[in-house]
Amino acid sequence: MSSLPVLLVEHEAQCPPGWVGDWLAEAGCRLDVRRPYRGDALPERLDGHGGMVVLGGSMGASSDHDHPWLGPVKRLVRQGAEDETPVLGICLGHQLAAVALGGEVHLNPRGQQIGLLDIGWTVGAAHDRLSAAVSSARFALHWNSDVVTAAPVGSEVLAETPAGELQAAQFAPTVWGVQWHPEVDAGIVAVWAEEDRDSVAERGLDVDAYVTALADARDELRASWQPLAARFAALTFEAAPTW
């Protein structure tokens, strides 16, 4: 067990750590959950943390003016890359990590990605220090309108859709991002479904069907994505100072 906690950055109450928080704790991590939208201060540096997980949210990765903590989060991502501190970005966190390291994020011209979508693993995923633990996972919950349209220079693409939309990447040796949501259960997604009900209905889709599908797939999702959190926890232990 690491003597240093893992920093979890929560951007909105409706996007909590969920299963990932539970799994990290089960793996032996101490969690330091910061909610800057409620006034929690973010650390100036990650020196006092064994790693960082940046969660999802409805804001854009460049909405620093409206959400002033996004700039400091991106600064922490860059510091994690420089100091080789493990960082994992989920959905918005994935996009923030990409932008922090020189990538680009834009509205997906193909429209919102929503529901349980297949994961298009690349050959390299099976050899990556983090994704190798989950490279047999079949699908995951997506709920996003923006996507990473240009990954930072030197990134390793780990998964992408048939249309070439980035699903997962290693942006730096110790910085990873996943566009999907390994952390959510049906209760969390039910809140998102209610918020997006009208916009989804305009496209002729049944938003409640996504919640039902997630509930039906609960056991496979938990079995598929718990190893991601366990492996990330192990990386934070490996990176911890020995003093």
Side-chain angles (χ1 to χ4, degrees), residues 6-24 31-38 40 42 51-64 66-74 76-77 80 87-100 103 105-108 111-117 119 130 134 137 139-149 158-159 161 165-169 171 175-196 199-200 207 210-211 214 221-222 224-225 228-229 232:
V6 173
L7 176 66
L8 272 74
V9 181
E10 180 184 297
H11 301 285
E12 296 178 315
Q14 60 267 41
C15 298
W19 287 340
V20 165
D22 294 342
W23 293 331
L24 289 173
L31 305 182
D32 178 9
V33 182
R34 304 287 180 101
R35 300 176 173 90
Y37 64 96
R38 292 184 179 175
D40 291 351
L42 293 173
M52 178 172 70
V53 176
V54 185
L55 299 168
S58 60
M59 61 284 294
S62 298
S63 301
D64 299 34
D66 295 321
H67 308 283
W69 65 86
L70 297 183
V73 168
K74 285 180 274 194
L76 289 172
V77 170
V87 175
L88 173 62
I90 293 173
C91 197
L92 171 64
H94 159 80
Q95 297 165 13
L96 287 168
V99 171
V105 171
H106 296 286
L107 189 68
N108 188 347
Q112 185 182 31
Q113 294 176 323
I114 187 169
L116 293 175
L117 304 180
I119 304 298
L130 181 63
V134 293
F139 53 77
L141 190 282
H142 293 63
W143 206 285
N144 59 281
S145 296
D146 292 348
V147 290
V148 175
T149 53
L158 302 175
T161 70
E165 297 149 323
L166 188 66
Q167 289 180 307
F171 295 127
V175 180
W176 292 268
V178 296
Q179 184 60 74
W180 62 81
H181 287 275
E183 83 284 11
V184 298
D185 59 18
I188 294 172
V189 174
V191 175
W192 301 352
E194 197 57 41
E195 292 178 344
D196 285 0
S199 62
V200 172
V207 72
Y210 298 119
V211 181
L214 184 68
L221 288 168
R222 287 182 60 85
S224 295
W225 300 114
L228 182 74
F232 185 78

Trainee: Which atom names give the shortest non-hydrogen contact between Ala61 and Leu96, and what distance separates them?
Mentor: O-CD2, 3.4 Å

Trainee: Should Phe139 and Leu221 be marked as a side chain to side chain contact (heavy atoms under 4.5 Å, CB included) after you check the CA-CA gap, both sets of side-chain angles, and the distance that decides it?
Mentor: CA-CA 8 Å; Phe139 53 77; Leu221 288 168; 3.8 Å; yes

Trainee: To the nearest 0.5 Å, tell me how far Gln167 CD sits from Ile119 CD1.
Mentor: 4.5 Å

Trainee: Strictly distance-based, threshold 3.5 Å: is any side-chain N or O of Gln95 a donor or acceptor partner for the main-chain N or O of Asp146?
Mentor: yes

Trainee: Would you say that Ser62 contacts Val105 through its side chain, given a criterion of any heavy-atom pair below 4.5 Å between the two side chains?
Mentor: no

Trainee: Report the distance from atom CZ of Arg34 to atom CE of Met52, rounding to the nearest 0.5 Å.
Mentor: 11.5 Å

Trainee: Report the C-alpha distance between Thr161 and Leu117 in whole Å, list the side-chain angles of each, state the deciding distance to 0.1 Å, and finish with yes or no for side chain to side chain contact (heavy atoms under 4.5 Å, CB included).
Mentor: CA-CA 9 Å; Thr161 70; Leu117 304 180; over 6 Å; no

Trainee: Just by modelled atom types, is the Gln14 backbone N or O under 3.5 Å from a matching donor or acceptor in the Trp192 side chain?
Mentor: yes

Trainee: For Ala13 and Arg38, which heavy atoms make the closest approach, and how far apart are they?
Mentor: CB-NH2, 4.1 Å

Trainee: Is there a side-chain contact between Val20 and Leu88 (heavy atoms, below 4.5 Å)?
Mentor: no

Trainee: Quick one: does Trp225's side chain get under 4.5 Å of Glu183's, heavy atoms only?
Mentor: no

Trainee: Side chain to side chain contact (heavy atoms under 4.5 Å, CB included) with Glu194: which residues, sequence neighbours excluded?
Mentor: Arg197

Trainee: Which pair of non-hydrogen atoms, one from Pro16 and one from Leu55, has the smallest distance, and what is that distance?
Mentor: C-CD1, 3.9 Å

Trainee: For the residue pair Gln179 and Glu165, establish whether any side-chain heavy-atom pair is separated by less than 4.5 Å.
Mentor: no

Trainee: Is there a side-chain contact between Trp180 and Asn144, using heavy atoms and a 4.5 Å cut-off?
Mentor: no

Trainee: Can you tell me how far the CG atom of Leu42 sits from the CG atom of Leu76, to the nearest 0.5 Å?
Mentor: 6.0 Å

Trainee: Closest approach of Pro182 and Val178, non-hydrogen atoms and distance?
Mentor: CD-CG2, 4.2 Å

Trainee: Look up atom CG in Leu158 and atom CG in Leu130, then write down how far apart they are to the nearest 0.5 Å.
Mentor: 8.0 Å

Trainee: Can you name the residues that form a side-chain hydrogen bond (donor to acceptor under 3.5 Å, both in side chains) with Asp185, not counting sequence neighbours?
Mentor: none

Trainee: Can you see whether Trp69 engages His11 through a side-chain donor-acceptor pair at a distance of less than 3.5 angstrom?
Mentor: yes

Trainee: Measure the shortest side-chain to side-chain distance between Trp143 and Val184 over non-hydrogen atoms and say whether it is less than 4.5 angstrom.
Mentor: no

Trainee: With rounding to the nearest 0.5 angstrom, report the OG to CG distance, Ser63 to Leu92.
Mentor: 8.5 Å

Trainee: Decide side chain to side chain contact (heavy atoms under 4.5 Å, CB included) for Leu70 and Met59; before the verdict, give the C-alpha distance in whole Å, the side-chain angles of both, and the deciding distance to 0.1 Å.
Mentor: CA-CA 10 Å; Leu70 297 183; Met59 61 284 294; 4.1 Å; yes

Trainee: How about His181 and Val189: do any of their side-chain heavy atoms sit closer than 4.5 Å?
Mentor: no

Trainee: Tell me the closest heavy-atom pair linking Val148 and Ala98, and the distance in Å.
Mentor: CG2-CB, 3.8 Å

Trainee: Is any side-chain heavy atom of Val53 closer than 4.5 Å to a side-chain heavy atom of Ile90?
Mentor: yes

Trainee: Do you know the tightest heavy-atom contact between Pro36 and Glu10?
Mentor: CD-O, 3.4 Å

